[in-house]
S.K.: 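Here you go, one structure.
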2 protein chains.
Amino acid sequence: MTSYEQLLQVLRDEGHRLTPQRLIVLRVVAEGRQHMGVDEVFREAQSAYPFMDLATVYRTLRLFKQVGLVTEVAIGDRLHYELTHPEDRHHHMVCRVCHGAFNLSPHYLEEFNRTLVNEFGFVPDLDHFAITGVCVNCRPESSGEVGIGSEEFTLNEDVP
Amino acid sequence: MTSYEQLLQVLRDEGHRLTPQRLIVLRVVAEGRQHMGVDEVFREAQSAYPFMDLATVYRTLRLFKQVGLVTEVAIGDRLHYELTHPEDRHHHMVCRVCHGAFNLSPHYLEEFNRTLVNEFGFVPDLDHFAITGVCVNCRPESSGEVGIGSEEFTLNEDVP
DNA sequence: TTCCTTTTTGCAATGAGTTGCAAATACTTG
DNA sequence: CAAGTATTTGCAACTCATTGCAAAAAGGAA
């Protein structure tokens, strides 16, 4: 059983139907780069299946998020999606200036998470956690050195 | 000079014009409860100034946010605004189930903030920080006790 | 006060995302 | 493999928020 078929099994197990649209959106996201924008997913899906509707893409991505197949990241006001890799869970730091996204190891949020649960009984949704700010490259006084644990990648689509 | 006039002075000092629309929106937010939704601000402003336009409310709130008069909080996908009280800065924990918002003292984020800056050179926007999750009242296994530092208030408008 | 320049408003159009509903279709059972 | 049912799709309409642009108005100078 390939890893793609394992993903399909997740859908089947939860009682969701395997429609051509879902198979194609899943393949597009699985084979695409990190953080695909919805319009990007839509264009690629449509080229494989011309009847694809944008609303279906939105609904499908929302479903995939619910069952944990993909992770949603809000980058510069727009929703982006990436395949969930359980062995490489990470959060995001999104730069308000360049719209670049940096991965952040869950380790850095563990203590914060414990504090919220213990002090307030509040269980935060860290799976969809992203924090905006200004990255080291976009800071005027930036002097360069960055520690380990961060992995940058810049969007190659236009984000206004 | 009243505190309301001090707020106006902030606008004047930055070269913004004092239009009737801005005065009214400021008064509505200053006298309203915490976390007012945009539509709520709009309705109240319109009842004081019938020509008020929704786009003006959005632009005005955005301006007020830029100059620091108000703080923007995203609650359940919608933008909410509250007057900024410099002596009572706080972040928000927003419950995904009941849409209630809990204040969170900046103290709990200080270490996280330091870590991001020191390790990654990333300066997070903590002023607009809100984290979603499930609050103690909405957790099935909730056993009740909550520590100090949290102050709850529930929305009295409908959030779907 | 009057004139002038620049900002701001109101309106309509746009963009991202969601939703209601009838038609289409995936899966189940016989 | 055919029929039945519940889910899903496609379309259009809708919501929240933003934006382009001409008309209106705020604030400064004469």
Side-chain angles (χ1 to χ4, degrees), chain A residues 8-26 35-43 45-46 48-67 69-70 72-81 96 99 128 155 157-160, chain B residues 8-26 35-43 45-46 48-67 69-70 72-81 96 99 128 155 157-160:
Chain A
L8 296 186
Q9 197 57 43
V10 171
L11 288 174
R12 262 191 289 259
D13 288 349
E14 304 219 8
H16 301 292
R17 297 184 177 174
L18 300 188
T19 66
Q21 293 89 338
R22 288 177 178 169
L23 301 187
I24 284 159
V25 169
L26 185 58
H35 302 158
M36 292 185 78
V38 175
D39 53 338
E40 203 177 350
V41 174
F42 175 56
R43 277 196 303 274
Q46 203 177 36
Y49 185 83
F51 304 103
M52 184 68 69
D53 189 85
L54 183 57
T56 301
V57 172
Y58 276 109
R59 278 189 283 230
T60 302
L61 289 172
R62 191 161 18 127
L63 172 70
F64 287 0
K65 178 180 82 168
Q66 278 163 20
V67 301
L69 288 180
V70 303
E72 183 186 83
V73 193
I75 298 184
D77 276 17
R78 298 195 190 166
L79 299 180
H80 291 237
Y81 295 86
R96 171 165 38 86
H99 291 100
H128 309 114
L155 296 177
E157 71 181 300
D158 294 318
V159 179
Chain B
L8 296 185
Q9 197 57 42
V10 171
L11 288 174
R12 262 191 289 259
D13 288 349
E14 303 219 8
H16 300 292
R17 296 184 179 176
L18 301 188
T19 66
Q21 292 89 338
R22 286 177 179 169
L23 302 187
I24 284 160
V25 169
L26 185 57
H35 303 157
M36 293 186 76
V38 175
D39 54 338
E40 203 176 350
V41 174
F42 175 56
R43 276 196 304 274
Q46 202 177 36
Y49 185 84
F51 304 104
M52 185 68 70
D53 190 86
L54 182 57
T56 301
V57 172
Y58 276 108
R59 279 187 285 230
T60 302
L61 290 172
R62 192 163 15 129
L63 172 70
F64 288 179
K65 179 181 79 169
Q66 278 163 21
V67 301
L69 288 179
V70 303
E72 183 185 84
V73 192
I75 298 183
D77 276 19
R78 299 194 188 165
L79 298 180
H80 291 237
Y81 295 87
R96 168 163 42 84
H99 291 99
H128 309 115
L155 296 177
E157 71 183 298
D158 294 319
V159 179

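The figures here come from the full heavy-atom set of this structure, side chains too, leaving out hydrogens, waters and symmetry mates. Naming: A, B, ... by sequence-line order, numbering from 1 per chain.
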S.K.: What is the distance, rounded to the nearest whole Å, between atom CD of A/Glu40 and atom P of C/dG17?
M.R.: 13 Å
S.K.: In Å, rounded to the nearest 0.5 Å, how long is the span from CG of B/Leu69 to CG of B/Leu63?
M.R.: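 Between atom CG of B/Leu69 and atom CG of B/Leu63 there are 7.5 Å.
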S.K.: In whole Å, what is the span from the CG atom of A/Leu8 to the P atom of C/dA26?
M.R.: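 Checked: the CG to P distance equals 14 Å.
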S.K.: Round to the nearest Å and state the distance from A/Phe42 atom CZ to C/dG15 atom P.
M.R.: 14 Å
S.K.: Whole angstroms only, please: what is the CG-P distance between A/Leu63 and C/dT19?
M.R.: 14 Å
S.K.: Shortest non-hydrogen contact from A/Leu61 to A/Val38?
M.R.: CD1-CG2, 4.2 Å
S.K.: Send over the distance from B/Asp53 CG to D/dA24 P, rounded to a whole Å.
M.R.: 15 Å
S.K.: Go through the steps for A/Arg43 and A/Gln46 under the test side-chain hydrogen bond (donor to acceptor under 3.5 Å, both in side chains), then give the verdict.
M.R.: CA-CA 5 Å; A/Arg43 277 196 303 274; A/Gln46 203 177 36; over 6 Å; no
S.K.: Could you check B/Pro20 against B/Glu72 and say which one's nearest nucleotide on DNA chain D is further toward the 5' end?
M.R.: B/Glu72
S.K.: Could you grab the distance from atom CG of B/Asp39 to atom NE2 of B/His80, nearest 0.5 Å is fine?
M.R.: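 Going from CG on B/Asp39 over to NE2 on B/His80, the span is 7.5 Å.
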S.K.: I'd like a list of close polar pairs between nucleotides 2-6 of chain D and the protein, N/O only, cut-off under 3.5 Å.
M.R.:
from: D/dA6; atom 1: N3; to: A/Arg17; atom 2: NH1; distance (Å): 3.2

S.K.: Rounded off to whole Å, could you give me the CD-to-C1' distance for the B/Glu14 and C/dT6 pair?
M.R.: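 It is 17 Å, rounded to the nearest whole Å.
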S.K.: Atom CZ of B/Arg12 and atom CD of B/Gln9: how far apart are they, to the nearest 0.5 Å?
M.R.: 4.5 Å
S.K.: Classify A/Leu54 by what it touches in the nucleic acid, base, sugar-phosphate, or nothing, heavy-atom distance under 4.0 Å.
M.R.: nothing
S.K.: Can you tell me if B/Arg22 touches the phosphate of C/dT8, counting only side-chain N or O atoms and a distance under 4.0 Å to OP1 or OP2?
M.R.: yes
S.K.: Check the interface with nucleotides 20-22 of chain D: list each N/O to N/O pair with the protein under 3.5 Å, or write none.
M.R.:
from: D/dG20; atom 1: O6; to: B/Arg59; atom 2: NH1; distance (Å): 3.3

S.K.: Distance from A/His16 atom NE2 to A/Arg22 atom CZ, nearest 0.5 Å?
M.R.: 7.0 Å
S.K.: Side-chain N or O of A/Thr19 less than 4.0 angstrom from OP1 or OP2 on D/dT7?
M.R.: no
S.K.: Rounding to a whole Å, what distance do you find between A/His16:NE2 and C/dT28:P?
M.R.: 13 Å
S.K.: Examine distances only and state if a side-chain atom of A/Thr56 and a backbone atom of A/Met52 form a donor-acceptor pair shorter than 3.5 Å.
M.R.: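 It does not hold such a pair.
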S.K.: Can you tell me how far the CZ atom of B/Arg78 sits from the NE2 atom of B/His35, to the nearest 0.5 Å?
M.R.: 16.0 Å
S.K.: For a quick test of reading the model: is some side-chain N or O of A/Gln21 closer than 4.0 Å to OP1 or OP2 of C/dT25?
M.R.: no
S.K.: Just compare D/dA17, C/dT8, D/dG10 and give me whichever is closest to any side-chain atom of B/Tyr58.
M.R.: D/dA17
S.K.: Over how many whole Å does the gap from B/Leu11 atom CG to C/dT7 atom P extend?
M.R.: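 After rounding, the reported distance stands at 15 Å.
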S.K.: From the set D/dG10, C/dC27, C/dG10, return the single nucleotide nearest to any side-chain atom of B/Tyr49.
M.R.: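 Closest of the options to the side chain of B/Tyr49: C/dG10.
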S.K.: Please determine which of A/Leu54, A/Val70, A/Val25 meets the side-chain contact (heavy atoms from CB on, under 4.5 Å) test together with A/Val41.
M.R.: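 Checked A/Leu54, A/Val70, A/Val25 against A/Val41; only one passes side-chain contact (heavy atoms from CB on, under 4.5 Å): A/Val25.
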S.K.: To the nearest 0.5 Å, what is the distance between NZ (B/Lys65) and OH (B/Tyr81)?
M.R.: 5.5 Å
S.K.: How do A/Thr56 and B/Arg62 order along DNA chain D: which one's closest nucleotide is nearer the 5' end?
M.R.: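 Result: A/Thr56.
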